[in-house]
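Right, one structure below, let's go through it.
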Amino acid sequence: MLSPTILIVDDSPDVLLQIDTALRADYSVRVANSGSRALEILEQTSGADLILLDVLMPDPDGFETCRRIKAHPEWRRIPLIFLTSLNREGHEITGLSLGAVDYLSKPIIPDVLRARLATHLELTRIRVELQQRLDELSEERALIEDIIVRLRVDRAFDGRRLRHLMRPVERTSGDICLAAWTPDGRQWVLVGDFTGHGLTAAMAGPLVKQIFYQQCADNASVDTLIATLDRQLHDQLPTGRFMAAHIAEVTADRRLLHLANASMPEALLVSPAGRVTTLESRSLALGIAPHRRQLNRIVDASARSSSRQPWPEGFASDGGADVP
């Protein structure tokens, strides 16, 4: 492996020689006797792994040289340590505010110098590795997100007699809205919300979608759908992950609505006359404890129309579904 490159910037030949002698055995050393020369070296070479920069130099001084280095997109991440014979708190604050990582006082003590350099070079190495890993994770997340978005494209969604509005905060989220008609003419609507946010909440969406549409195609009952979702989410998801949901069924004659509210905020049923009925949750969310479902039954809410017109006029939930 190549030795780290240290750029030393000082207008004193004696200081340059002293630091060069202390570091030559372990590092590749470059020297500059002015701020302008330091900038030229950075321009002409591949940069440096660390810069030692004197504060008191002819124009540009160390502070101005630091400003120019930190303004450059390719140099700004190079750790920079100021060298100074000044013992003034104000100068240290100025230097650190400009982006320096440390100060070394003159006269230089070789052992202290080598220890400081080793520390800051190691910190830089760790920071670079973390950034690389973050970049890799970002690429992986983007790929997974794209896959989930593709999986969540709902070509089976049947929006007949349904008005809905869904605006997730994130491109991938734990919000889900499904709609379908059974072979015998019943209409199903599911509005769900998984715990958490982002990808972790969205991962179970395809599973719920597959179960919902398969049960619908099999002409299953709503009770069977709920029991299957409850069991599968419990078995497939890690502890602490579950889905709150409104699950609604409108009978084939459009005269009866069954609603299951599993830990969602209250649902509102609106009649043609404007009468509002509140339907609160009476059950645990799906996927928490299916073996205890008999103790926490989802109670279906049913209402018959007193006229020939379908009842209710609408069903609304916090998920944004509106079922006329």
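Computed from heavy atoms alone, side chains included, the values below leave out hydrogens, waters and symmetry copies.
- With hydrogens and angles ignored, the 3.5 Å screen pairs no side-chain donor or acceptor of Asp218 with any backbone N or O of Ala220.
- Residues Val191 and Leu286 share a hydrophobic cluster, clusters being chains of Ile/Leu/Val/Met/Phe/Trp/Tyr side chains in contact below 4.5 Å.
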Could you check Leu83 against Val55 for side-chain contact (heavy atoms from CB on, under 4.5 Å), going step by step and ending with a plain yes or no?
CA-CA 6 Å; Leu83 304 174; Val55 172; over 6 Å; no
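- Distance check: Ile41 CD1 to Ser36 OG gives 11.0 Å after rounding to the nearest 0.5 Å.
- Aromatic ring pairs are classed by plane angle as parallel below 30°, tilted from 30° to 60° and perpendicular above 60°; the pair Tyr103 and Phe82 is tilted.
- Taking each heavy atom of Ala289 and Leu284 in turn, the nearest pair found is CB-CD1, 4.4 Å.
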Show the numbers, then the answer: is there a side-chain contact (heavy atoms from CB on, under 4.5 Å) between Leu42 and Ile69?
CA-CA 9 Å; Leu42 291 173; Ile69 291 173; 4.1 Å; yes
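- Paired with Trp188 under the rule ring-ring contact (aromatic ring centres under 6.0 Å, His included), one option of Trp181, Phe212, Phe157 passes, and it is Phe212.
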Could you walk me through whether Thr124 and Glu122 pass the side-chain contact (heavy atoms from CB on, under 4.5 Å) check?
CA-CA 5 Å; Thr124 299; Glu122 178 64 11; over 6 Å; no
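- Side-chain contact check for Leu113 versus Ile19: some heavy-atom pair is nearer than 4.5 Å.
- The minimum heavy-atom distance linking Gln18 with Ile108 is given by the pair NE2-O, 3.0 Å.
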Please evaluate residues Thr5 and Arg30 with respect to the criterion side chain to side chain donor-acceptor pair (under 3.5 Å), reporting the C-alpha separation (whole Å), side-chain torsions for both, the decisive distance (0.1 Å), and the verdict.
CA-CA 7 Å; Thr5 299; Arg30 295 173 182 159; 4.7 Å; no
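- Salt bridge present: Arg160 and Asp158 bring a charged side-chain N and a carboxylate O closer than 4.0 Å.
- Asn261 places a side-chain N or O within donor-acceptor distance of the main-chain N or O of Leu279, the cut-off being under 3.5 Å.
- With hydrophobic clusters built from ILVMFWY side chains whose heavy atoms lie under 4.5 angstrom apart, Leu104 does not share a cluster with Met57.
- A donor-acceptor pair under 3.5 Å is formed between the side chain of Asp230 and the backbone N or O of Gly287.
- Environment of CD1 in Ile109: sparse, with no more than 12 heavy atoms of neighbouring residues, nucleotides or ligands closer than 6.0 Å.
- Between Asp135 and Arg133 there is no salt bridge, since none of the side-chain N atoms of the basic residue sits less than 4.0 Å from a carboxylate O of the acidic one.
- Between Arg77 and Asp49 no salt bridge is recorded (no basic side-chain N to carboxylate O distance below 4.0 Å).
- Residues Leu23 and Leu117 have side chains in contact (heavy-atom distance under 4.5 Å, counting atoms from C-beta outward).
- Rounded to the nearest 0.5 Å, atoms CG (Leu130) and CG (Leu137) are 10.5 Å apart.
- Residue Phe63 is grouped with residue Leu7 when hydrophobic side chains (ILVMFWY) are merged at heavy-atom distances under 4.5 angstrom, including chains of intermediate members.
- Rounding to the nearest 0.5 angstrom, the gap separating the CG atom in Leu269 from the OG1 atom in Thr277 is 5.5 Å.
- Both Leu207 and Leu178 are part of a single hydrophobic cluster, where members link through side-chain heavy atoms under 4.5 Å apart.
- The side chain to side chain contact (heavy atoms under 4.5 Å, CB included) search around Leu134 returns Gln131, not counting sequence neighbours.
- A donor-acceptor distance shorter than 3.5 angstrom exists from the side chain of Thr251 to the backbone of Leu256, with no hydrogens or angles considered.
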The test is side chain to side chain donor-acceptor pair (under 3.5 Å); show your working for Ser12 and Asp14 and say whether it passes.
CA-CA 5 Å; Ser12 169; Asp14 292 338; 4.9 Å; no
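- We find the CD1-OG distance between Ile288 and Ser263 to be 6.0 Å, quoted to the nearest 0.5 Å.
- Across all non-hydrogen atoms, the minimal contact from Ala267 to Leu259 is CB-CD2, 3.8 Å.
- In terms of modelled atom types and a separation under 3.5 Å, the side chain of His246 and the main chain of Pro265 share a donor-acceptor contact.
- Evaluation of the ring pair (Phe, Tyr, Trp, His ring centres under 6.0 Å) test over residues 2-52, restricted to residues two or more places apart or in two chains, returns none.
- Counting all heavy atoms, side chain and backbone alike, Lys70 lies closest to Arg76 at NZ-O, 3.0 Å.
- With salt bridges taken as basic N to acidic carboxylate O contacts below 4.0 Å, none links Arg114 and Asp26.
- Side-chain N/O atoms of Ser221 and Asp223 include no donor and acceptor closer than 3.5 Å.
- Between Asp102 and Arg116 there is a side-chain heavy-atom pair separated by less than 4.5 Å.
- Between Ile247 and Leu229 there is a side-chain heavy-atom pair separated by less than 4.5 Å.
- When hydrophobic clusters are built by joining Ile, Leu, Val, Met, Phe, Trp and Tyr residues whose side-chain heavy atoms come closer than 4.5 Å, directly or via intermediates, Leu190 is grouped together with Val222.
- A distance of 4.5 Å separates CZ in Arg68 from CD in Glu64, rounded to the nearest 0.5 Å.
- Across every non-hydrogen atom of Ser28 and Ser3, the tightest pair is N-CB, 3.9 Å.
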Identify every side-chain donor-acceptor pair in residues 231-240 under 3.5 Å, counting partners at least two apart or on other chains, and give the distances.
none

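- Counting heavy atoms from C-beta on, the side chains of Thr65 and Leu53 come closer than 4.5 Å.
- Between Ile176 and Met243, the shortest heavy-atom contact is CG2-SD, 4.3 Å.
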Between Leu50 and His120, does a side-chain contact (heavy atoms from CB on, under 4.5 Å) hold up when you go through it step by step?
CA-CA 8 Å; Leu50 188 143; His120 288 293; 4.0 Å; yes
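- Separation of atoms CD (Glu266) and CE (Met264) is listed at 12.0 Å; rounding is to 0.5 Å.
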The test is side chain to side chain donor-acceptor pair (under 3.5 Å); show your working for Thr94 and Ser97 and say whether it passes.
CA-CA 5 Å; Thr94 300; Ser97 68; 5.3 Å; no
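- A 4.5 Å side-chain heavy-atom check between Asp54 and Lys106 finds at least one atom pair inside the cut-off.
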